[in-house]
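The structure under discussion appears below in the form of structure tokens.
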Number of protein chains: 4
Amino acid sequence: MRRDAVRNRAAIVEAARGALDEHGGTVDVREIARRAGVGMGTLYRHFPAKEDLIAEVLHEQFTIWSATIRTAAATADPWTALTDFFDQALRGCAKQHAIMDSVAAGWSRPSAEAVVLGEIIDELLARAAGLLRPGVTRDDLLLMLQSLSCAVRVTQQSGRPRDRTAWNRLVRISLDGLRATHSDPLPQ
Amino acid sequence: MRRDAVRNRAAIVEAARGALDEHGGTVDVREIARRAGVGMGTLYRHFPAKEDLIAEVLHEQFTIWSATIRTAAATADPWTALTDFFDQALRGCAKQHAIMDSVAAGWSRPSAEAVVLGEIIDELLARAAGLLRPGVTRDDLLLMLQSLSCAVRVTQQSGRPRDRTAWNRLVRISLDGLRATHSDPLPQ
Amino acid sequence: MRRDAVRNRAAIVEAARGALDEHGGTVDVREIARRAGVGMGTLYRHFPAKEDLIAEVLHEQFTIWSATIRTAAATADPWTALTDFFDQALRGCAKQHAIMDSVAAGWSRPSAEAVVLGEIIDELLARAAGLLRPGVTRDDLLLMLQSLSCAVRVTQQSGRPRDRTAWNRLVRISLDGLRATHSDPLPQ
Amino acid sequence: MRRDAVRNRAAIVEAARGALDEHGGTVDVREIARRAGVGMGTLYRHFPAKEDLIAEVLHEQFTIWSATIRTAAATADPWTALTDFFDQALRGCAKQHAIMDSVAAGWSRPSAEAVVLGEIIDELLARAAGLLRPGVTRDDLLLMLQSLSCAVRVTQQSGRPRDRTAWNRLVRISLDGLRATHSDPLPQ
DNA sequence: TATGAATGAGACTTCATTCAT
DNA sequence: GATGAATGAAGTCTCATTCAT
């Protein structure tokens with residue numbers, strides 16, 4: 001691939017990232033092309049459909065994000081690893097709202113993203129085994145993450161975009177609900 | 001108001017309810033008119049803009065929903081009242097995904113819906129005071145509800161629409177996180 | 001015809017008169033029905049099409065108008081009769097812009113209105129014969145009237161609606177151009 | 001700008017010119033697109049709103065027209081300049097009825113078009129000063145032009161579109177009314 | 001008979017995608 | 001390979017006219 005083609009592709013993805021975050025999935029592809037400084041033809045050469053471009057943006061974001069949270073999940077203390085994991089994961093969502101959608105989309109038919117997340121979560125579960133209430137599964141944490149990402153999104157809606165307190169409180173509550181203190185069995 | 005007008009108005013709202021739930025807010029108004037068995041003019045006579053129709057559907061759903069959860073929140077035992085409240089509220093969301101959006105939309109600037117919910121939650125908080133960890137606020141429960149409604153939505157995505165186990169487990173975990181057992185203060 | 005039907009018909013015509021003058025020919029028939037205080041069905045019972053209603057309004061206005069100008073044209077002094085005729089005719093146009101349109105519409109295929117006007121003008125021409133330049137015809141005066149009515153309309157456009165000076169000057173100029181002073185033959 | 005874009009833009013304007021003249025301002029934009037042989041998107045790429053297209057057509061017509069009448073107004077003999085000016089100006093109106101509307105629209109709040117016309121008229125007035133009755137102003141001639149353009153329009157209505165005699169006679173009469181022969185002061 | 005709700009063709013405009021330059 | 005002009009289906013909404021109540 002020629003060097004300018006590479007540069008164009010990167011510019012398109014970056015433009016799409018910003019545009020998607022500002023306007024959401026209904027953004028006009030022309031807005032993306034304009035931001036990227038390329039013509040429509042160039043955009044469509046790289047991504048045959050708008051959907052493909054969106055998928056690429058998500059994939060890229062997910063890659064960066066998953067690296068971050070994998071690091072956070074590697075903290076020595078198992079419980080801290082769990083809290084750091086949620087904290088970093090949700091900070092990422094705060095910046096790129098679309099990330100979690102790809103995971104959500106893969107709930108019924110597991111996506112590659114969900115698989116990656118699942119692996120990280122499995123690791124966390126294994127390490128924190130003794131600290132958690134019995135019966136907590138990978139899907140529980142995956143769903144909790146999705147759920148909390150919505151809370152992040154809600155609290156970020158224009159008005160007080162920097163307020164992390166609200167969702168931090170909810171994260172604390174939710175994680176406390178996972179502690180071994182709670183010996184009641186979860187619904188099967 | 002004439003009897004056929006009443007019937008048509010109801011048919012339009014019902015059609016809109018179904019169409020909005022299936023296709024989301026981008027549904028074509030003609031699809032709604034077709035489902036309702038009326039012409040475009042009839043639809044626009046009752047609702048001068050698409051937005052008004054959507055608002056009406058939400059309002060109607062919210063009214064039914066809030067009555068249900070208010071009843072659930074009136075259960076004798078305070079903790080059961082809390083769990084019933086979440087259970088009924090989320091079952092409603094499971095049927096009508098758009099309900100919670102109106103509450104979410106009112107996070108920064110409180111909507112009428114958010115106010116109604118807030119009152120119910122305040123009542124629950126007052127009654128369950130001794131059973132809850134210190135510092136739990138109305139906003140904590142409101143946000144938790146929003147958050148969990150996303151979990152419901154995710155688990156309902158085409159594939160296994162009837163599976164309530166997944167989100168029921170998450171509700172249990174989250175509510176357990178609210179128990180007085182947890183004496184750590186929440187972030188301010 | 002029943003008495004209330006007569007009253008309704010009159011109310012419709014009056015409402016249409018006002019509405020047409022305010023909004024022009026593109027006015028919504030519902031606006032007319034609302035002003036008249038009747039339902040659409042009643043309006044359409046009396047006038048099978050919007051066009052018929054407009055025609056009726058014009059006819060009624062024309063009848064009043066033609067009576068006024070016929071009186072003005074009967075002034076003793078022939079030249080004064082001519083000026084009074086134009087003055088009254090154009091004042092009428094100032095109040096009901098649509099009147100002249102019906103005459104204009106009948107230029108190619110003479111309308112009943114044009115015939116009435118023609119008779120008045122013929123009378124004026126006969127009486128003022130010696131005062132006018134040779135060769136002035138009925139059509140000349142008819143067209144002059146139409147032409148000047150446009151001037152009235154233009155000067156009335158929102159801004160300075162009461163200013164009659166501008167078109168009065170033009171009337172004076174135009175009529176002076178008809179005087180016998182000008183012996184040059186007109187183009188045939 | 002690409003050559004085909006230029007060609008399309010021109011085709012659209014030309015199509016609009018014809019369509020506006022035939023059907024008036026209520027013409028369907030699709031009719032214009034069809035005539036121009038382009039899609040709706042192309043039309044809207046060049047003119048973001050129907051109104052913009054209409055404005056462009058008027059502007060273009062006015063530009064051609066004003067050049068023509070400016071030339072006519074430059075004839076050596078002052079009185080001939082005046083008659084040529086009216087003759088050319090009204091021939092233009094005969095071809096494009098919408099031209100004069102833009103001037104009319106600017107009567108209360110002077111439009112760019114009215115300013116251009118005013119300058120030409122001022123020049124004519126200055127040169128013909130001695131030949132005109134006292135007190136004739138720019139607005140008198142501007143209004144006369146508007147007025148006569150209506151006469152042109154009326155005589156052109158389907159039936160005998162080529163007959164210039166009728167309005168030529170009226171022009172002659174009106175201009176004769178401007179001659180210095182008439183010493184009566186005009187209404188102030 | 002009067003009412004006004006219902007009709008539906010058609011108006012303006014947008015935007016994902018294709019293709020001539 | 002890049003450009004951005006062109007496409008046209010589809011979207012929301014209006015309004016002259018009809019018809020059930």
Side-chain angles (χ1 to χ4, degrees), chain A residues 1-2 4-5 8 26-34 36-53, chain B residues 1-9 11-12 26-34 36-53, chain C residues 1-2 4-5 8 26-34 36-53, chain D residues 1-9 11-12 26-34 36-53:
Chain A
M1 194 184 256
R2 270 166 43 176
D4 57 346
N8 273 339
T26 65
V27 68
D28 192 333
V29 282
R30 280 182 240 189
E31 166 71 9
I32 297 174
R34 201 176 313 121
V38 303
M40 295 295 295
T42 306
L43 193 153
Y44 272 86
R45 165 170 294 274
H46 289 288
F47 303 97
K50 187 187 183 183
E51 202 181 356
D52 298 327
L53 173 54
Chain B
M1 204 186 221
R2 257 162 53 178
R3 218 176 316 155
D4 57 343
V6 173
R7 193 171 52 238
N8 272 335
R9 191 191 154 95
I12 290 166
T26 65
V27 67
D28 189 337
V29 283
R30 274 175 295 199
E31 165 71 10
I32 298 175
R34 199 175 316 120
V38 303
M40 294 295 299
T42 304
L43 194 153
Y44 274 87
R45 158 175 285 273
H46 289 288
F47 304 97
K50 186 188 183 183
E51 200 180 358
D52 299 327
L53 174 54
Chain C
M1 193 185 260
R2 271 168 42 177
D4 57 345
N8 274 340
T26 65
V27 68
D28 192 331
V29 281
R30 281 183 238 188
E31 166 72 9
I32 297 174
R34 201 176 313 120
V38 303
M40 296 295 297
T42 306
L43 194 154
Y44 272 86
R45 165 169 294 275
H46 289 288
F47 303 97
K50 186 185 182 183
E51 201 181 356
D52 299 325
L53 173 54
Chain D
M1 201 184 224
R2 257 162 52 178
R3 216 176 318 154
D4 57 344
V6 173
R7 191 170 54 238
N8 273 334
R9 191 190 154 96
I12 290 167
T26 66
V27 67
D28 190 337
V29 283
R30 276 173 293 196
E31 166 72 10
I32 297 175
R34 194 171 20 240
V38 303
M40 293 296 299
T42 304
L43 194 153
Y44 274 87
R45 157 175 286 273
H46 290 287
F47 304 96
K50 186 187 183 182
E51 201 181 356
D52 298 327
L53 174 54

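Reminder, nothing fancy here: chain letters follow the sequence lines and each chain counts from 1.
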Could you spell out the base pairing of DNA chain E in dot-bracket, with Watson-Crick or G-U pairs whose two distances are under 3.5 Å, [ ] crossing and | to another strand? .||||||||||||||||||||

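Closest-nucleotide positions on DNA chain E for C:Arg45 and B:Leu43 were compared, and the one nearer the 5' end corresponds to C:Arg45. Toward the 5' end of DNA chain F, the nearer of the two residues A:Gly37 and B:Val27, judged by each one's closest nucleotide, is A:Gly37. Ranked by how close their nearest DNA chain E nucleotide is to the 5' end, B:Ala5 and C:Gly39 are led by C:Gly39.
Scanning all heavy atoms of the two residues, the minimum distance from B:Ala36 to B:Ala11 falls at CB-O, 3.6 Å. Of all heavy-atom pairs spanning A:Glu31 and A:Val27, the tightest one is CG-CG2, 4.0 Å. Closest of all the heavy-atom pairs between A:Val38 and A:Leu43 is CG2-N, 4.5 Å.
Whole-Å rounding puts the A:Arg34 CZ to F:dT3 C1' distance at 15 Å. One atom, CG of C:Asp28, and another, C1' of F:dT14, lie 8 Å apart when rounded to the nearest Å. The nearest whole Å value for the distance from the NE2 atom in D:His46 to the P atom in E:dT13 is 16 Å. Atom pair A:Asp52:CG and E:dA16:P shows a separation of 14 Å (rounding to whole Å applied). Rounded to a whole Å, the CD1 atom of A:Ile32 is 12 Å from the P atom of E:dC15. Protein atom CD of C:Glu31 is 11 Å distant from nucleotide atom P of F:dA16, rounded to whole Å.
With rounding to the nearest 0.5 Å, the separation of NE2 in D:His46 from CG in D:Asp52 is 13.0 Å. From B:Arg34, atom CZ reaches atom CE of B:Met40 across 10.0 Å, with rounding to the nearest 0.5 Å. Rounded to the nearest 0.5 angstrom, A:Ile32 CD1 and A:Arg30 CZ are separated by 12.5 Å. How far CG of B:Asp28 is from NZ of B:Lys50: 7.0 Å, rounded to the nearest 0.5 Å.
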Checking D:Arg9 against D:Ile12 for the side chain to side chain contact (heavy atoms under 4.5 Å, CB included) test, could you report, in this order, the C-alpha distance in whole Å, the side-chain angles of both residues, the deciding distance, and whether it holds? CA-CA 5 Å; D:Arg9 191 190 154 96; D:Ile12 290 167; 5.6 Å; no

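No contact: B:Val6 has no heavy atom under 4.0 Å from any strand.
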Please tabulate the protein-to-nucleotide N/O contacts below 3.5 Å involving nucleotides 17-21 of chain E, giving atom names and distances.
residue	atom	partner	partner atom	Å
E:dT17	OP2	A:Tyr44	OH	3.1
E:dT17	OP2	A:Lys50	N	3.0

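Checked against E:dA16, E:dA6, F:dG1, the side chain of B:Thr42 finds its nearest nucleotide in E:dA6.
OP1 or OP2 of F:dA2 sits under 4.0 Å from a side-chain N or O of A:Asn8.
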